[in-house]
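As a basis for the values below, the full set of heavy atoms in this structure was taken, side chains included, without hydrogen atoms, waters or symmetry mates. Per chain, numbering begins at 1; letters A, B, ... match sequence-line order.
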2 protein chains.
Amino acid sequence: MLTEKEKRAFQDYLTQEGLKFSLQRMKIFETVLAGLKHLTANEIYKNVQKKYPGIGYATIYRTLRLLCDAGFCTELKCEDGACRYEQAFVNAHHDHLICTKCGRFVEVVDPQIERLQIRLFKINGFLPQRHRMELYGVCKQCRK
Amino acid sequence: MLTEKEKRAFQDYLTQEGLKFSLQRMKIFETVLAGLKHLTANEIYKNVQKKYPGIGYATIYRTLRLLCDAGFCTELKCEDGACRYEQAFVNAHHDHLICTKCGRFVEVVDPQIERLQIRLFKINGFLPQRHRMELYGVCKQCRK
DNA sequence: CTAAATATTGATAATGAGTATCAATATTAT
DNA sequence: ATAATATTGATACTCATTATCAATATTTAG
Ligand SMILES: [Mn+2]
Ligand SMILES: [Mn+2]
Ligand SMILES: [Zn+2]
Ligand SMILES: [Zn+2]
């Protein structure tokens, strides 16, 4: 699931930025990119620990910040108060449908909505930067 | 800015729910409904203190929760990690354009977007409950 | 290949928002 | 008025995240 090309891109980024390579950084990068999506920092911590016990909490947070800054990963501030992370290497921008019963995330993009959002920015004299749209409801499985 | 009718609605709500009237509750209600919008709990705390020194932090949080449950007020989980509150007595649902330079909030509703959101729920087998849409950009003033 | 320069790490203390606890006090019903 | 009950403020606590710092690892220069 994680290609050599992606690993190299990460190493190149570190070099470009004058940062040093470390095994913990690579393990976190691998976990975030190859693993499940929409994980909290704590879930990522537990995942990385399986492969690399002894890793510190602080390193998880530091590296997640690094990955977000580098654009390999995006942060999603959730309603439960925690942040969830998902790889942004392959996946481009998308929004989320979230089940309020089971927490399921469904990724969606509606080009019409995206266009109307730009129009809203324009109408109100804003220079568009980014947006966040979350649709909360009950998924099919949870209604049975 | 705060009418007798609104005050009475609050008192009626308390009675209906078997809750008791208190001066601190009324002061907080007045501040949230009459004051600025999109304030954090701490900002509301400081505002209420001007009129009612000695009020406790816990009472602010408790009453904000009460006001949200009652539908007088809505909570907006912001990117800076804090919640912001705004009265919902007059104002119905709306979304926000937020300036990333100055923090200005502009309230918007786009009926077309709202319709497309419902369609997205349907397409994905979700029972719609609510949504949140925030558009981040740079406002006209901040681009000068 | 060393050794110096520099960045990273993990442990842990600190922060900040929000919640839980509890005895003192206020409101309401009788 | 009195008893029953809810609310309050102080404060301890939780939870996610950030800051600090000495020990360690990586990189660079010689
Ligand atoms: Mn996603
Ligand atoms: Mn608003
Ligand atoms: Zn579900
Ligand atoms: Zn602005």
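Where B:Arg25 and B:Tyr57 each meet DNA chain D at their nearest nucleotide, the meeting point lying more 5' is that of B:Arg25. Nearest-nucleotide mapping onto DNA chain C: of A:Leu19 and A:Ala58, the residue sitting toward the 5' end is A:Leu19.
For the pair B:Lys20 NZ and C:dT27 C1', the computed distance is 5 Å after rounding to whole Å.
Nearest to the side chain of B:Ala41, among C:dG18, D:dG9, D:dT7, sits C:dG18. In this structure, the nucleotide among D:dT8, C:dT8, D:dT17 sitting nearest to the side chain of A:Cys83 is D:dT17.
Residues that satisfy the side chain to side chain donor-acceptor pair (under 3.5 Å) test with A:Tyr13, not counting sequence neighbours, are absent from this structure.
For the side chain to side chain donor-acceptor pair (under 3.5 Å) with B:Tyr85, the qualifying choice from B:Lys37, B:Glu43, B:Glu75 is B:Glu75, the only one to do so.
The aromatic rings of B:Tyr61 and B:Tyr57 sit parallel, their planes meeting at an angle under 30°, below the 60° perpendicular limit. Ring geometry, A:His38 versus A:Phe105: the interplanar angle falls under 30°, so the pair is classed parallel (tilted spans 30 to 60°).
At least one side-chain nitrogen or oxygen of A:Ser22 sits closer than 4.0 Å to the OP1 or OP2 atom of C:dT9. A sub-4.0 Å separation between OP1 or OP2 of D:dG9 and a side-chain N or O of B:Thr59 is present.
One donor-acceptor pair, N or O on each side, does fall under 3.5 Å between the base of D:dG9 and the side chain of B:Arg62.
The residue A:Tyr61 sits close to a base: some heavy atom pair falls under 4.0 Å.
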